[in-house]
Amino acid sequence: MVQSITEAYPEEIATELYQIGSRLRILSEFSRSQALKMKAQDKQTEFYNGYNLLLEASKICEDLGQGFLEIA
């Protein structure tokens, strides 16, 4: 186990970023399912906004992970 991110290999960082991205996608799907269950429009919008933000964060993590793999 590394003590600092500066000591980690790019492959390790990429793996962590992909795992984070995967968890964010799972959370985004949960948010979307909650939006579908909501009857109140404001709550539904709130969950859809969360879905979109989590999905975008997931894509950013994947892109960063790909960047670290290209460095390696």
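Here the structure is a predicted model, which means the values were calculated and not measured.
- Residues Leu24 and Leu54 share a closest heavy-atom pair of CD2-CD2, 3.7 Å.
- Atoms CG and CG, from Leu69 and Leu64 in turn, are 11.0 Å apart once rounded to the nearest 0.5 Å.
- The shortest non-hydrogen separation linking Gly50 to Ser31 is C-OG, 3.8 Å.
- Looking at residues two or more places apart in sequence or on another chain, you find a side-chain hydrogen bond (donor to acceptor under 3.5 Å, both in side chains) between Tyr18 and Gln66.
- The CG atom of Leu27 sits 12.5 Å away from the CG atom of Leu53 when rounded to the nearest 0.5 Å.
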Should Gln34 and Glu46 be marked as a side-chain contact (heavy atoms from CB on, under 4.5 Å) after you check the CA-CA gap, both sets of side-chain angles, and the distance that decides it? CA-CA 10 Å; Gln34 291 300 310; Glu46 188 176 322; over 6 Å; no
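- Taking all atoms of both residues into account, the shortest heavy-atom contact from Pro10 to Phe68 is CB-O, 3.3 Å.
- A heavy-atom distance below 4.5 Å is found between the side chains of Glu62 and Arg25.
- Interatomic distance, Cys61 SG to Gln19 CD, rounded to the nearest 0.5 Å: 11.0 Å.
- Here the closest non-hydrogen pair linking Gly65 and Leu17 is N-CD1, 3.5 Å.
- Heavy atoms only, all atoms of each residue included: Ala8 and Ile13 are closest at CB-CG1, 3.8 Å.
- In terms of the side-chain hydrogen bond (donor to acceptor under 3.5 Å, both in side chains) criterion, residue partners of Arg32 (sequence neighbours excluded) are, by chain and number, Glu29.
- The minimum heavy-atom distance linking Ser58 with Gly21 is given by the pair OG-O, 2.9 Å.
- Every residue two or more places apart in sequence or in another chain was checked for a side-chain hydrogen bond (donor to acceptor under 3.5 Å, both in side chains) with Ser28, and none qualifies.
- Just one of Gln44, Lys43, Lys39 meets the side-chain contact (heavy atoms from CB on, under 4.5 Å) condition when paired with Gln41; it is Gln44.
- With rounding to the nearest 0.5 Å, the separation of CG in Leu36 from OH in Tyr48 is 4.0 Å.
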